[in-house]
Each structure stands twice: as C-alpha cells, then as structure tokens.
Amino acid sequence: MQAVMYSAMSDALRELLRSAKNVVVLTGAGVSAESGVPTFRGGGNTTVWKGMPFDVISSAGMLERDLAAVWEWFNYRRGLLASLKPNPAHEAIASWQDKFSEFALVTQNIDGLHQAAGSRHVIEMHGNIWRARCFDCGTRHDVRELKFDQGVPSCFDCGGHLRPDVVLFGEMLPTGAFERAAAAAQHCELCLVVGTSAVVYPAAALPEIARAAGAYVVEVNPERTPLSDSCDEVITGKAGEILPLLRRD
Ligand code: BV8
Ligand code: ZN
C-alpha cells in the first residue's frame, strides 16, 4: 500500500518537499476525521443538531437568539471531542514545522488536535472550542475543565456572560488571523490543502492567494472539491495515510 501511495506523488512534489524553504498547510475537518471527529459536509452525514443544520446553530443569529442553545451544542461537541486524539495526519504536520525554514499551519478546525499533536503557532481561523470569551470584559478562559451541562457560564473575572471563542457563520474572523494566513500564503512555495471542502470563506480563498503568488498547490482529500481543478496536484486519499508519506528527507 505504501509503495503505491508514495508513487502517487509527482516528482515535482517530491522535489519541492526536498528543497522548499517556505511551506503553508491549510487544514479543515477532514484532517481530524480519522481521529473520530465528525466532518460537517459530504459523506452523507451533514451535521444536524436538534433539527437545525450546522450553519444555523453555529451562527451569529442563533447566538443572539439563544445563547444557551449554542452552549448546549458546543458542550455536546466538547463531550464528543474530549476523548479523541490526534491521528498520523496531525503528527506528520507537527513534524514538518521544524523541517522548513518558514512553515505556517492554518486551520479551520476548532478541535485543538493540531496543538495536541505538537504543532506550535497554529493560525486558528475559526477559534477554538476549548476557549470561551466574555461578552463584557473580553477575557478569554480555558473551558476544558469547565463542567456545566446547561445554561450560560459566567466570566470568572467579571461575572458577565461567556460565549464560545469560536467564529460563527456571519461573524468576523479573529483580528489578524486572515491577514497572517494570507501573508503566509503569498510567500510560500508549497501550499498543502488537507481535508477541506473549500466552501467556507475567507479560508477557502487562501489556496488561490498562494497559487496567484506562484506557489505549487496540492490538495489531499478522498473527494474532489471546488478547489481541485485549480490545484497543481490532487492526491486522492485519507490524510492519515497520505501525509506520513510526504517526507522531507
Ligand atoms: C465572514 C466554527 C465576514 C463554528 C465555522 C452571509 C452572511 C455573512 C457571511 C456569509 C454569508 N454567506 C456566506 C458568507 C460567508 C460565510 C461562508 O463562507 N459561508 C459558506 C458556507 C457559503 N463565511 C462566514 O460567515 C465567515 N465570516 O465571512 O465574515 C462577514 C461577516 C459578517 C457579514 C458578512 C461578512 C465565518 C466562517 C466561519 C464559520 N465557522 N466553524 C463551528 O465549528 O461550530 S466554519 C465550519 O466550516 C468549520 O469551521 C469548518 O472547518 C469549516 C469548513 O468546513 P471544512 O473544514 O472544509 O469541513 P467539511 O466537513 O466541509 O469538509 C470536510 C472535507 O474533508 C471534505 O472535503 C471531505 O472530503 C474531506 N475528508 C473527509 N475525510 C477525510 C477528508 N480529507 C482527508 N482525510 C480524511 N480522512
Ligand atoms: Zn468578563
């Protein structure tokens, strides 16, 4: 299996992995799929919560209408994630960060599994499910240990209402996150796009920025996406099986 998979990679990519100085990796939910994290789209299992599609319950409008329901949805997901571990895809990406002189990992995921695998300076475009933010004083808190199964938690500092520190649909990205990601994409030689359906903006614009700046763009995904046709190379398959084969040595 390994020999066949390895030969699926082009000579151009093999050479770039050997010689590139500046690499950007953009990940989506697919990179965590083999850890057991449900993806949002595709595979027929589109995430629905109490009859509400994912982009309704995870939206700015729902946060305004029913903050407690949004917390219930995120508590449910934290419950699912709590026992899940990084998979070989997260580990491969973490191993790359010291192998290239400039390396940026940009993720749309909020599960924290890249950090759990050892990745540092992760650019989290959509926030992190293990953090909460205070509406009143803006303080961010780690809620990994926070046990509450209903209602809205209060800020440990000022008593105000907390919200998940996650970017919901219709919300702006964290200040500077997109700018840092776009700057990295503009200067990279190789951009690996792993496990994303490439439909959520502005994250989905990053591979195009990289390509327009002359980077070699590679997609790793078991399925075709709207990005596939504009990639220099598409490696069809699972991230946990393919990424460990993309070695620098
Ligand atoms: C914004 C956190 C500016 C929440 C997420 C109307 C009003 C306002 C904005 C919009 C609007 N209409 C459209 C927009 C823009 C909107 C958008 O892009 N919508 C899309 C759906 C059309 N974007 C926004 O709202 C963004 N903000 O634009 O701000 C603004 C602000 C106000 C007004 C105007 C403009 C904010 C977007 C962030 C939303 N939050 N998540 C939560 O998680 O609850 S996005 C959500 O989708 C997740 O974060 C996820 O990461 C992201 C993208 O999904 P993917 O990661 O790609 O996952 P998906 O399941 O889709 O695909 C998985 C892929 O993996 C598949 O391709 C599959 O084949 C592959 N796969 C499966 N197994 C494997 C695998 N690959 C490899 N290996 C495997 N084993
Ligand atoms: Zn507060």
Side-chain angles (χ1 to χ4, degrees), residues 26-47 49 52-63 70-71 73-78 80-81 87-90 92-93 106-114 124-129 131-141 152-175 177-178 192-207 219-228 234-244:
L26 169 67
T27 63
V31 81
S32 297
E34 289 151 275
S35 294
V37 183
T39 59
F40 300 98
R41 302 168 186 84
N45 62 341
T46 41
T47 306
W49 169 254
M52 285 182 277
F54 156 63
D55 53 3
V56 168
I57 180 69
S58 271
S59 70
M62 182 55 79
L63 193 76
V70 173
W71 269 112
W73 158 235
F74 277 97
N75 292 342
Y76 160 72
R77 290 167 71 191
R78 288 213 315 279
L80 277 183
L81 287 169
N87 68 61
H90 297 108
I93 293 170
V106 182
T107 190
Q108 300 171 85
N109 299 342
I110 63 173
D111 57 31
L113 287 176
H114 283 304
E124 294 179 313
M125 300 277 278
H126 298 157
N128 187 302
I129 198 166
R131 282 196 310 266
R133 188 170 83 238
C134 177
F135 275 112
D136 296 343
C137 70
T139 309
R140 282 180 164 82
H141 302 283
V152 175
S154 301
C155 173
F156 315 141
D157 293 357
C158 78
H161 278 166
L162 292 181
R163 56 155 294 163
D165 193 21
V166 168
V167 180
L168 304 179
F169 284 101
E171 293 191 317
M172 302 303 278
L173 271 58
T175 310
F178 182 71
L192 287 164
V193 185
V194 184
T196 182
S197 58
V199 295
V200 174
Y201 283 83
L206 290 170
E219 181 178 59
V220 177
N221 196 316
E223 295 173 3
R224 302 281 298 174
T225 73
L227 187 70
S228 303
V234 173
I235 305 180
T236 302
K238 293 183 175 182
E241 292 167 8
I242 289 174
L243 297 196

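Residue numbers count from 1 along this sequence. Indexing begins at 1, ligand by ligand and atom by atom, following the structure's order.
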Next on the checklist: Under a 4.0 angstrom heavy-atom cut-off, which atoms of ligand 1 come close to Glu171?
Outcome noted: 1 (C), 26 (C), 27 (N), 29 (O), 36 (C)
Item to check | Heteroatom proximity flag, Ala239 to ligand 1, N/O under 3.5 Å | outcome: yes
Next on the checklist: Within the structure provided, determine whether Trp71 and Arg78 are in side-chain contact (heavy-atom separation under 4.5 Å).
Outcome noted: yes
Next on the checklist: For a 4.5 angstrom cut-off between non-hydrogen side-chain atoms, does Leu162 reach Ser154?
Outcome noted: no
Checklist entry - If we only count heavy atoms from C-beta on, is the Leu26 to Val193 side-chain gap below 4.5 Å? => result yes
Checklist entry - Under 3.5 Å, N or O to N or O, is Phe40 touching ligand 1 that way? => result yes
Next on the checklist: If the contact criterion is a heavy-atom separation under 4.0 Å, does Gly240 count as touching ligand 1?
Outcome noted: no
Next on the checklist: If we set the cut-off at 4.0 Å for heavy atoms, which region of Ala29 has an atom near ligand 1: side chain, backbone, both, or neither?
Outcome noted: both
Next on the checklist: Would you say that more than 12 heavy atoms from the other residues, nucleotides or ligands in this model lie under 6.0 Å from the CZ of Phe156, or not?
Outcome noted: yes
Next on the checklist: Can you name the atoms of ligand 1, numbered from 1 with element, that are less than 4.0 Å from a heavy atom of Val199?
Outcome noted: 18 (O), 20 (C), 22 (C)
Item to check | Atom indices of ligand 1, in the order listed, that fall short of 4.0 Å to a heavy atom of Phe74 | outcome: 44 (O)
Next on the checklist: If you measure every N or O of Val166 against every N or O of ligand 1, does any of those distances drop under 3.5 Å?
Outcome noted: no
Item to check | Where Val194 and Ala239 come nearest, the two heavy atoms and their spacing | outcome: CG1-CB, 3.6 Å
Checklist entry - Which atoms of ligand 1 are found less than 4.0 Å from any heavy atom of Ser58? => result 4 (C), 42 (C), 44 (O)
Checklist entry - If we only count N/O pairs under 3.5 Å, is Val31 in contact with ligand 1? => result no
Item to check | Gap separating the CD1 atom of Ile235 from the CG atom of Leu192, nearest 0.5 angstrom | outcome: 7.5 Å
Checklist entry - At under 4.0 Å between heavy atoms, which part of Thr39 makes contact with ligand 1: side chain, backbone, both or neither? => result both
Item to check | Angle at the Zn ion (ligand 2) (to 10°), with one arm to SG of Cys137 and the other to SG of Cys155 | outcome: 110°
Next on the checklist: Can you tell me which portion of Ala33 lies within the under-4.0 Å heavy-atom range of ligand 1? Options are side chain, backbone, both, or neither.
Outcome noted: side chain
Next on the checklist: Can you tell me how far apart NE2 (His126) and CG (Leu168) are? Round to the nearest 0.5 Å.
Outcome noted: 10.5 Å
Checklist entry - Is Arg41 paired with Glu223 through a side-chain N to carboxylate O contact shorter than 4.0 Å? => result no
Item to check | Between OG on residue Ser35 and CG on residue Asp111, distance to nearest 0.5 Å | outcome: 7.5 Å
Item to check | ligand 1 contacted by Arg77 (non-hydrogen, < 4.0 Å) | outcome: yes
Next on the checklist: Could you report the tightest heavy-atom contact between Cys155 and Cys158, atom names first, then the distance?
Outcome noted: SG-N, 3.3 Å
Item to check | Region of Ile110 that comes within reach of ligand 1 [heavy atoms, distance under 4.0 Å] | outcome: side chain
Item to check | Proximal atoms of ligand 1 relative to Gly28 (non-hydrogen, under 4.0 Å) | outcome: 56 (O)
Item to check | Heteroatom distance test (Val167, ligand 1): nitrogen or oxygen, under 3.5 angstrom | outcome: yes
Next on the checklist: Please list, in number order, the atoms of ligand 1 under 4.0 Å from a heavy atom of Glu223.
Outcome noted: 69 (O)
Item to check | Contact check, side chains of Arg163 and Leu63, non-hydrogen atoms, under 4.5 Å | outcome: yes
Checklist entry - Which angle, to 10 degrees, forms at the Zn ion (ligand 2) with SG of Cys158 on one side and SG of Cys134 on the other? => result 100°
Checklist entry - Does the gap between the ring centers of Trp49 and Phe54 come in under 6.0 Å? => result no
Checklist entry - Any N/O of Thr196 closer than 3.5 Å to an N/O of ligand 1? => result yes
Item to check | Heavy-atom check, side chain of His141 versus side chain of Asp157, under 4.5 Å | outcome: yes
Next on the checklist: Test of understanding: given a 4.0 Å heavy-atom threshold, classify the contact between Glu34 and ligand 1 as side chain, backbone, both, or neither.
Outcome noted: side chain
